[in-house]
Asker: 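Handing you this structure, nothing more for now.
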Amino acid sequence: MLTINGGVPLAVVARLRLRRRTEARSRNDEKLTVITVLALGVVIAPSPVGEGILNFLGQLATGITDSTR
């Protein structure tokens, strides 16, 4: 049986919405894009991919902080 992760359609929708030019967006369009991206973040966060992203960003922030000392 074929299953699909809930984050995949959200990622596709977010990608398509973010490709549009900023000048062509209305306020409601921008709000919908923000809600879509936030929902994608909530879906991805507890997954192994989300944990990997968080770990990478933490290491990056630590490296930047250590390099400024």
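Because only heavy atoms are used, hydrogens play no part in the values below, and waters and symmetry mates are left out as well, while side chains stay in.
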Asker: Say you draw a straight line from OG of Ser26 to CG of Leu32; how long is it, rounded to the nearest 0.5 Å?
Answerer: 9.0 Å

Asker: What verdict does the side-chain contact (heavy atoms from CB on, under 4.5 Å) test give for Val34 and Lys31, after you've listed the backbone C-alpha separation in whole Å, the side-chain angles of each residue and the deciding distance to 0.1 Å?
Answerer: CA-CA 5 Å; Val34 168; Lys31 288 178 185 177; 5.7 Å; no

Asker: Considering all heavy atoms of both residues, which atom of Leu40 and which atom of Ala14 are nearest to each other, and what is their separation?
Answerer: CD2-CB, 4.4 Å

Asker: Within this structure, what is the CG-OG1 distance for the pair Leu16 and Thr33, rounded to the nearest 0.5 Å?
Answerer: 10.5 Å

Asker: Sequence neighbours left out, cut at 3.5 Å: what donor-acceptor pairs do the side chains of residues 56-64 make with other protein atoms?
Answerer:
from	atom 1	to	atom 2	distance (Å)
Thr62	OG1	Gly58	O	2.9

